[in-house]
Trainee: 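Please see the structure below; I have some questions.
As a basis for the values below, the full set of heavy atoms in this structure was taken, side chains included, without hydrogen atoms, waters or symmetry mates. Note that the numbering runs from 1 along the sequence shown for the chain.
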Amino acid sequence: MIEIKNLIYKYPGNTEKTIKGIDFSVSKGEVFGFLGPSGAGKTTTQKVITGLLRSYEGNVLVSGRERSSWNNSFYEKIGVVFETPNLYQKLTGWENLRLFAGYYEKSSMDMTMELQRTGILEAMGKKVEGYSKGMRVRLNFIRALQHDPDILFLDEPISGLDPSNGSIIKQMIRELSEKGKTIFLTTHNMGVAAELCNRVAFIINGELPLTDSPSNLMREYGRKELAVEYLLNETPIREVFNLESLKNNSGFRKIVDERKILSMKTLDASLEDIFIMVTGRGLQ
């Protein structure tokens, strides 16, 4: 659905390039995470793909067609969730949805179930200026879905949400992917990316040093060890064993045979650990 080849972008008046010849692709139905700290080039790349920034170098192919050759029909195919909700404060929730629906040729879908699911249905008759930040984030997400786009660009989609509402939005993203929607997710929240993404790309200073699935990355960069927590005389004990020698480790076998096991897990690296290892930078 999206194919980027040697993309370069430099803001007018700047001497240095913000995006420095990156390559990646996103398949139909994939949740693709574009991960990096503030200022790394995440939002710039998204704006180039969605047409908010022009005069790029390289190729930006969407559904097999160069982005620069698309007319306004392109916006029928995509939905965009900006990190800062773009809603009209003096309008009610319903009025916002109707207004944005009028921008598209497609008939808007009935979003009542989605509004109920996200807990804002009862507030839809009120002006958005009275909404909490979390309510605006949820309405902004639903606004991007109502014209049934094929591709969704999500910029920090659960920022400002409590864990419960964040979990609902994450589940909805999974369901959209299962329906064949292509999702381009920009975030610096590595936990969200690990939960949702089929593949991730790390961007730092406008370059992509690494692209792979979260599970592959965690295995490759994780420690080859197994942590076992068990009870010894009612006291919790934790021991760590080397995975490669585990088969012949009599101490490990004795624990498994004789002790009550509380937990057992491999010591995989988190995506944030891997990002720091690869780029040498944190995510702030």
Side-chain angles (χ1 to χ4, degrees), residues 1-84 86 144 149-157 181-190 192-193 197-214 216-217 271-272 274-284:
M1 293 295 285
I2 301 172
E3 188 171 3
I4 308 300
K5 300 178 181 178
N6 194 32
L7 174 62
I8 297 172
Y9 186 81
K10 182 172 68 173
Y11 283 96
N14 285 6
T15 56
E16 292 192 10
K17 298 169 183 175
T18 300
I19 306 299
K20 304 171 183 177
I22 63 175
D23 299 89
F24 65 89
S25 61
V26 187
S27 302
K28 178 179 173 62
E30 183 176 19
V31 182
F32 184 82
F34 208 60
L35 315 181
S38 299
K42 302 188 305 295
T43 300
T44 297
T45 302
Q46 177 174 297
K47 286 182 176 180
V48 170
I49 300 173
T50 57
L52 297 179
L53 293 176
R54 304 178 186 273
S55 301
Y56 59 85
E57 298 178 43
N59 297 107
V60 177
L61 301 172
V62 181
S63 296
R65 184 175 173 182
E66 187 66 41
R67 174 64 192 92
S68 58
S69 71
W70 277 93
N71 56 24
N72 286 340
S73 64
F74 175 77
Y75 295 102
E76 300 290 326
K77 296 181 63 67
I78 70 169
V80 182
V81 175
F82 298 102
E83 182 177 5
T84 301
N86 55 328
D150 297 324
I151 306 172
L152 281 164
F153 293 88
L154 309 180
D155 190 355
E156 304 290 1
K181 305 297 184 183
T182 301
I183 298 170
F184 186 85
L185 173 67
T186 55
T187 185
H188 67 266
N189 188 322
M190 297 292 169
V192 171
C197 296
N198 303 109
R199 287 187 304 136
V200 296
F202 292 167
I203 184 167
I204 186 76
N205 295 328
E207 300 177 329
L208 296 183
L210 192 61
T211 303
D212 207 337
S213 70
N216 285 346
L217 291 172
L271 282 185
E272 184 164 359
I274 297 165
F275 187 89
I276 293 171
M277 281 189 274
V278 171
T279 68
R281 284 187 53 179
L283 292 166
Q284 299 301 320

Trainee: Any pair with a residue in residues 21-50 that passes salt bridge (Lys or Arg N to Asp or Glu O under 4.0 Å), sequence neighbours left out, goes on the list, sorted by first then second residue, please.
Mentor: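 Matches after skipping sequence neighbours: Glu30-Arg199.
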Trainee: How far does NZ of Lys181 sit from CD1 of Ile78, to the nearest 0.5 angstrom?
Mentor: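 Between atom NZ of Lys181 and atom CD1 of Ile78 there are 13.0 Å.
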Trainee: Using a 6.0 Å cut-off, check whether atom CG of Asn14 has over 12 heavy atoms from anything other than its own residue.
Mentor: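 Count over threshold, so yes.
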Trainee: Has Tyr56 got a side-chain atom pairing as donor or acceptor with Ser68's backbone, closer than 3.5 angstrom?
Mentor: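 Yes.
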Trainee: By side chain to side chain donor-acceptor pair (under 3.5 Å), which residues pair with Thr211, not counting sequence neighbours?
Mentor: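 Here no residue qualifies.
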Trainee: Given side chains that start at C-beta, do those of Ile22 and Phe34 come closer than 4.5 Å, heavy atoms only?
Mentor: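 Result yes, sub-4.5 Å side-chain heavy-atom pair found.
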Trainee: Looking only at heavy atoms, which two atoms of Ile49 and Phe74 are closest? And how far apart?
Mentor: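 Answer, listing the atom of Ile49 first, then Phe74: O-CZ, 3.4 Å.
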Trainee: Is it the case that the side chain of Asn71 and the backbone of Ser73 share a donor-acceptor pair, with hydrogens and angles ignored and the cut-off at 3.5 Å?
Mentor: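 Yes, the answer is positive, given that a donor and an acceptor are paired below the 3.5 Å cut-off.
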Trainee: Report yes if some heavy atom in the side chain of His188 is under 4.5 Å from a heavy atom in the side chain of Glu156; otherwise report no.
Mentor: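 Yes, side chains in contact.
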Trainee: Quick check for you: to the nearest 0.5 Å, what is the distance between Leu152 atom CG and Asp150 atom CG?
Mentor: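 Output value for this atom pair is 9.0 Å.
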Trainee: Find the distance between CG (Asn198) and CD1 (Ile183) and round it off to the nearest 0.5 Å.
Mentor: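 That separation rounds to 9.0 Å.
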Trainee: Considering all heavy atoms of both residues, which atom of Tyr11 and which atom of Thr44 are nearest to each other, and what is their separation?
Mentor: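 The pair with the smallest heavy-atom distance is OH-OG1, 2.7 Å.
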Trainee: Show every salt bridge (Lys or Arg N to Asp or Glu O under 4.0 Å) that has at least one partner inside residues 60-72, sequence neighbours left out.
Mentor: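 Sorted pair list comes back empty.
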Trainee: Specify whether Phe184 and Phe32 have parallel, tilted or perpendicular ring planes, treating 30° as the upper limit for parallel and 60° as the lower limit for perpendicular.
Mentor: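 Geometry flag for Phe32 against Phe184: parallel rings.
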Trainee: Check whether any side-chain heavy atom of Val200 sits under 4.5 Å from a side-chain heavy atom of Phe275, and report yes or no.
Mentor: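 Val200 does not reach Phe275 side chain to side chain.
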Trainee: Between NZ of Lys20 and CD1 of Ile204, what distance do you get to the nearest 0.5 Å?
Mentor: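 Rounded to the nearest 0.5 Å, the NZ-CD1 separation comes out at 9.5 Å.
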Trainee: Pick out which of Leu208, Val48, Ile203 makes a side-chain contact (heavy atoms from CB on, under 4.5 Å) with Ile19.
Mentor: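 Running side-chain contact (heavy atoms from CB on, under 4.5 Å) over Leu208, Val48, Ile203 with Ile19 returns exactly one hit, Ile203.
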Trainee: Specify the closest pair of heavy atoms between Ala144 and Val81, including all atoms of both residues, with the distance to one decimal.
Mentor: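 Where Ala144 meets Val81 most closely, the heavy atoms are CB-CG2, 3.5 Å.
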Trainee: Hey, mind stepping through Asp155 and Phe153 against side-chain contact (heavy atoms from CB on, under 4.5 Å) and telling me if it holds?
Mentor: CA-CA 7 Å; Asp155 190 355; Phe153 293 88; over 6 Å; no
Trainee: Check whether any side-chain heavy atom of Phe24 sits under 4.5 Å from a side-chain heavy atom of Thr45, and report yes or no.
Mentor: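 They are in side-chain contact.
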Trainee: Where the side chain of Ser63 meets the backbone of Met1, is there a donor-acceptor pair that is under 3.5 Å apart?
Mentor: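 No; judged by distance alone, with no hydrogens or angles, the pair does not exist.
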Trainee: Apply side-chain contact (heavy atoms from CB on, under 4.5 Å) to Ile2 and Leu61, showing your working.
Mentor: CA-CA 6 Å; Ile2 301 172; Leu61 301 172; over 6 Å; no
Trainee: Which is it for Val80 and Gln46 under the side-chain contact (heavy atoms from CB on, under 4.5 Å) test, yes or no, and what are the steps along the way?
Mentor: CA-CA 10 Å; Val80 182; Gln46 177 174 297; 4.0 Å; yes
Trainee: Are Met190 and Ile274 close enough that some pair of their side-chain heavy atoms sits under 4.5 Å apart?
Mentor: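 Of all side-chain heavy-atom pairs linking Ile274 with Met190, none is under 4.5 Å.
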Trainee: Taking atom CD of Glu207 and atom CZ of Phe202, what is their separation to the nearest 0.5 Å?
Mentor: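 Rounded to the nearest 0.5 Å, the CD-CZ separation comes out at 15.5 Å.
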Trainee: If every non-hydrogen atom of Pro149 is compared with every non-hydrogen atom of Gly79, which pair is closest and at what distance?
Mentor: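 Closest heavy-atom pair between Pro149 and Gly79: CB-N, 3.4 Å.
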Trainee: Looking at Leu35 and Ala193, what are the two nearest heavy atoms and their distance?
Mentor: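 Scanning both residues completely, I find the closest heavy atoms to be CD2-CB, 3.6 Å.
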